[in-house]
Amino acid sequence: MSTPAAQKTAISPRREEDFPEWYQQVVRAAELAEPSDVRGCMVIRPWGYGIWENMQRQLDTMFRATGHRNAYFPLFIPLSYFAKEAEHVEGFAKECAVVTHTRLEVDAEGKMKPASALTEPLVIRPTSETIIGASYAKWVQSYRDLPVLINQWANVVRWEMRPRLFLRTTEFLWQEGHTVHETEAQARAEAMLILEIYERFTREHLAVPVFTGAKSESERFPGAVQTLTIEAMVQDRKAIQAGTSHFLGQNFSRASGIQFQNREGKQEFGWTTSWGMTTRMVGTMVMAHGDDDGVILPPRVAPTQIVILPITPKEDTRARVLEACDALALQLRGKHFADSAIEVEVDRRDLGGGVKNWEWIKKGVPIRVEIGPRDLEKNSVEVSRRDQAIKSKESMSIQEFAAGAPEILMSIQQNLYDRAKKFQEANTRVIESKKEFYDFFTARNANKPEIHGGFALAHWNGSHEVEEQIKNDLKVTIRVIPLGDGEPGHCIFTGAPSRQRVVWAKSY
RNA sequence: CGGGCUGUGGCUCAGCUUGGUAGAGCGCCUGGUUCGGGACCAGGAGGCCGUGGGUUCAAAUCCCACCAGCCCGACCA
């Protein structure tokens with residue numbers, strides 16, 4: 001154990017002291033985002049937005065590779081469109097922002113007031129099934145027009161009561177895919193394909209392992225027949241839904257009139273899907289990998305993968321050090337990691353070396369490289385990896401580092417995944433009895449309710465009453481029902497026969 | 001949207017009970033000493049004390065209303 005002084009962490013409180021507060025502090029310290037003056041909305045700062053842009057680009061590539069194309073639909077949805085699908089409206093009604101007026105006028109007291117009421121109020125999209133459906137109804141006439149495979153990158157608004165940076169904000173950014181298919185089987189396959197893309201993306205790019213499967217009826221998307229989801233475990237052992245893919249059956253095509261003449265010449269409603277992944281992923285990643293010194297970014301989504309820190313203690317060596325830094329940066333930028341050129345930054349700001357270094361630690365940049373006068377003489381660099389102890393650095397020759405940088409990035413990427421996977425496995429348990437289940441989810445310390453078991457794999461017989469009971473007692477819900485053939489058994493709550501185990505957890 | 005708490009320079013807060021028109025630490029700026037590490041010294045900028053009204057000779061301080069934020073519930077990507 002080191003001395004108290006050496007234990008000082010960049011972020012306080014530490015994760016184990018107060019996880020929610022730690023999270024807020026990390027997001028701010030790393031300059032990812034901050035709350036804005038607009039209730040429930042956040043400002044995403046360049047470092048945070050850079051991460052999102054990387055996610056966006058990478059996911060987009062995956063969508064394109066599977067035949068999807070981007071388009072853009074209106075932010076405003078006429079109330080009448082929105083109200084077409086009963087379950088859907090009911091599900092979203094409470095969180096809709098509604099535009100009722102246009103024009104501002106100055107009133108007698110000199111204040112600006114909305115002047116002219118709209119004949120039909122406009123709902124600001126909480127999701128776009130209905131407005132996109134209206135277009136699809138026009139575009140789809142024949143089975144030859146199918147499938148329609150469209151995605152849009154957009155902002156949506158859901159008037160949430162308890163916002164938290166990235167995890168739940170009133171306005172957030174996402175992608176929403178909306179597809180129409182000729183047959184049920186094709187639509188189901190589409191929903192599954194997207195689930196697989198989401199799973200692969202979080203695993204390979206964000207280094208976050210997930211459980212995949214279907215939602216129980218009570219957790220399903222309003223209006224969906226089946227909701228597929230990926231659920232990640234973060235460091236307080238809670239689950240977070242990180243992406244969803246819905247098989248919508250013919251519910252929305254019926255509501256929007258998406259009809260086509262099938263191969264037999266008969267009119268038929270299209271089979272639709274919708275799927276989305278949001279800026280919540282940024283928060284998920286922070287909570288999955290971060291430590292008490294800040295964010296730790298998987299190299300694949302880091303806006304800057306390598307930062308070069310010039311050490312310039314003496315004026316006379318300064319120019320030569322900077323020159324060496326630029327030369328190394330140039331060399332590194334010519335190399336590739338995961339299909340794109342390595343992003344390198346030389347931090348030549350006139351700040352104390354320690355201050356700079358800590359800033360990058362908090363931001364989670366994967367590799368920090370120091371070059372100082374002594375390195376110039378030895379033709380070497382000092383390399384620090386963010387996935388290793390803060391103080392550790394390794395000296396190597398410039399050539400060796402430049403040549404090996406892609407491998408180091410790869411190694412960090414892999415290490416983060418392995419760590420997260422190990423954590424997930426260590427905190428996922430097969431549970432065989434009701435008592436064991438309740439014990440598992442009971443906080444060990446009443447003051448820190450977030451410290452509890454983790455994920456439980458237990459048999460359940462499909463009864464909604466049981467789900468309700470567990471939710472009321474423990475705030476634990478079924479996160480996913482794994483797909484495929486599970487081992488049969490008996491529900492640990494009712495004793496009734498059960499087809500398979502399901503994943504239970506507390507969630508965000 | 002219900003219950004509790006809180007609004008004082010960029011941030012964290014003290015002052016309020018016992019009214020007399022503002023303080024600290026951090027951050028920021030300048031100069032210097034440092035600097036392979038979030039250093040130190042000196043000087044400096046920055047606040048109509050959430051908003052509106054009331055009581056009073058006098059309000060950050062007392063009273064009322066409103067607004068906003070936090071925590072706990074219900075809801076959610």
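Bear in mind the structure is a predicted one, so any value in this text is a computation, not a measurement.
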Query raised in the report: Got a sec, which residues hit ring pair (Phe, Tyr, Trp, His ring centres under 6.0 Å) with A/W22, two or more places apart in sequence or on another chain?
Result: A/F19

Query raised in the report: Could one point to a donor on the side chain of A/R158 or the base of B/rC76 with an acceptor on the other under 3.5 Å away?
Result: no

Report task. For A/T477 and A/R479, indicate whether the former's side chain and the latter's backbone hold a donor-acceptor pair under 3.5 Å. Result -> no

Report task. Give a yes or no answer on whether the side chain of A/T317 reaches the backbone of A/P373 with a donor-acceptor pair at less than 3.5 Å. Result -> no

Query raised in the report: Given the P atoms of B/rG25 and B/rG69, what is the spacing between them in whole Å?
Result: 31 Å

Report task. Give none if B/rC1 has no partner; otherwise give the nucleotide forming a Watson-Crick or G-U wobble pair with it, both distances under 3.5 Å. Result -> B/rG73

Report task. Decide whether a cation-pi geometry holds between A/K84 and A/Y81; the criteria are a distance under 6.0 Å from NZ or CZ to the six-membered ring centre and an angle within 45° of the ring axis. Result -> yes

Report task. Compute whether any side-chain donor of one residue and acceptor of the other, for A/K215 and A/Q226, lie under 3.5 angstrom apart. Result -> no

**Report entry** Between A/H178 and A/F252, ring centroids under 6.0 Å
**Finding:** no

Query raised in the report: Using a heavy-atom distance cut-off of less than 4.0 Å, which residues of residues 203-232 of chain A contact RNA chain B?
Result: none

Report summary line: For B/rA14, the nucleotide meeting Watson-Crick or G-U wobble distances (both under 3.5 Å) is none

Report summary line: Closest non-hydrogen atoms of A/T279 and A/F166, given as atom of the first, atom of the second and distance, are O-CD2, 3.5 Å

Report task. Sticking with atom P, work out how far B/rG15 lies from B/rA58, rounded to a whole angstrom. Result -> 26 Å

Query raised in the report: Now, which nucleotide makes the Watson-Crick or G-U wobble pair with B/rG46, with each of the two distances under 3.5 Å?
Result: none

**Report entry** Stacking check A/W174 vs B/rA77 (5.5 Å / 30 deg)
**Finding:** no

Query raised in the report: What distance, rounded to whole Å, do you find between the two C1' atoms, one in B/rG54 and one in B/rC13?
Result: 29 Å

**Report entry** Complementary nucleotide of B/rC62, counting Watson-Crick and G-U pairs under 3.5 Å
**Finding:** B/rG54

Query - Length of the CH2-C1' vector between A/W159 and B/rC76, whole Å - result: 15 Å

Query raised in the report: A/E87 has an atom CD; how far is it from atom P of B/rC76, in whole Å?
Result: 13 Å

Query raised in the report: Would a 4.5 Å heavy-atom cut-off, applied to side chains only, mark A/V225 and A/H246 as touching?
Result: no

Requested in this report: Classify the nucleic acid contact of A/I361 as base, sugar-phosphate or nothing, counting any heavy atom under 4.0 Å across all strands shown.
Outcome: nothing

Query raised in the report: Starting at the 5' end of RNA chain B and moving along, which residue's nearest nucleotide shows up first, A/A242 or A/R28?
Result: A/R28

Report task. For nucleotides B/rG47 and B/rG9, find the distance between their C1' atoms and express it as a whole number of Å. Result -> 5 Å

Query raised in the report: Applying a 3.5 Å limit to both distances, which nucleotide forms a Watson-Crick or G-U wobble pair with B/rG7?
Result: B/rC67

Requested in this report: With C1' as the reference atom in both, quote the distance from B/rA14 to B/rU55 in angstrom, rounded to an integer.
Outcome: 27 Å

Report summary line: Separation of B/rC76 atom C1' from A/E171 atom CD, nearest Å, is 16 Å

Query raised in the report: Which value, in whole Å, describes the distance between the C1' atoms of nucleotides B/rC35 and B/rC41?
Result: 15 Å

Report task. Assign A/F92 to base, sugar-phosphate, or nothing according to its heavy-atom contacts below 4.0 angstrom with the strands shown. Result -> nothing

Requested in this report: Going by the side-chain hydrogen bond (donor to acceptor under 3.5 Å, both in side chains) test, name the single residue among A/D60, A/N151, A/T278 that passes it with A/Q175.
Outcome: A/N151

Query - Between B/rU12 (P) and A/Q25 (CD): distance, integer Å - result: 9 Å

Requested in this report: Examine the side chains of A/D375 and A/S380 and answer whether a donor and an acceptor come within less than 3.5 Å of each other.
Outcome: yes

Query raised in the report: For B/rU34, what is the paired nucleotide under Watson-Crick or G-U wobble rules, both distances under 3.5 Å?
Result: none

**Report entry** Atom CD of A/E21: over 12 foreign heavy atoms under 6.0 Å
**Finding:** yes

Report task. Mind listing the closest non-hydrogen atom pair of A/V369 and A/F401 along with its distance? Result -> CG2-CZ, 3.4 Å

Anything under 3.5 Å between a protein N or O and an N or O of nucleotides 34-36 of chain B, put it in a table, one pair a line.
{"residue": "B/rG36", "atom": "O6", "partner": "A/P373", "partner atom": "N", "Å": "3.3"}
{"residue": "B/rG36", "atom": "O6", "partner": "A/R374", "partner atom": "N", "Å": "2.5"}
{"residue": "B/rG36", "atom": "N1", "partner": "A/D375", "partner atom": "OD2", "Å": "2.6"}
{"residue": "B/rG36", "atom": "N2", "partner": "A/D375", "partner atom": "OD2", "Å": "2.7"}

Query raised in the report: Which ring-ring contact (aromatic ring centres under 6.0 Å, His included) pairs, counting each pair once, include a residue from residues 355-375 of chain A, with sequence neighbours left out?
Result: A/W47-A/W360

Query raised in the report: Which of residues 276-283 of chain A sit near RNA chain B, with a heavy atom under 4.0 Å from it?
Result: A/T278, A/R280

Query raised in the report: Looking only at atom types and distance, does a side-chain atom of A/R15 sit under 3.5 Å from a main-chain N or O of A/G290, one as donor and one as acceptor?
Result: yes

Report task. Using the P atoms only, state how far B/rC49 lies from B/rU8, rounded to an integer number of Å. Result -> 11 Å

Requested in this report: Starting at atom CD of A/E315, determine the distance to atom P of B/rU33, rounded to an integer number of angstrom.
Outcome: 12 Å

Query - Rounded P spacing from B/rC11 to B/rC70 in Å - result: 14 Å

Report task. Without swapping roles, check the side chain of A/K356 against the backbone of A/D347 for a donor-acceptor pair under 3.5 Å. Result -> yes

So which protein N/O to nucleotides 67-72 of chain B N/O distances come out below 3.5 Å?
{"residue": "B/rG69", "atom": "OP2", "partner": "A/R39", "partner atom": "NH1", "Å": "2.5"}
{"residue": "B/rC72", "atom": "OP2", "partner": "A/R162", "partner atom": "NH2", "Å": "2.4"}

Requested in this report: Please work out which of the three classes, parallel, tilted or perpendicular, describes the rings of A/F63 and A/Y198, given edges at 30° and 60°.
Outcome: perpendicular

Report summary line: Taken to the nearest whole Å, CG/A/D350 to P/B/rG32 is 12 Å

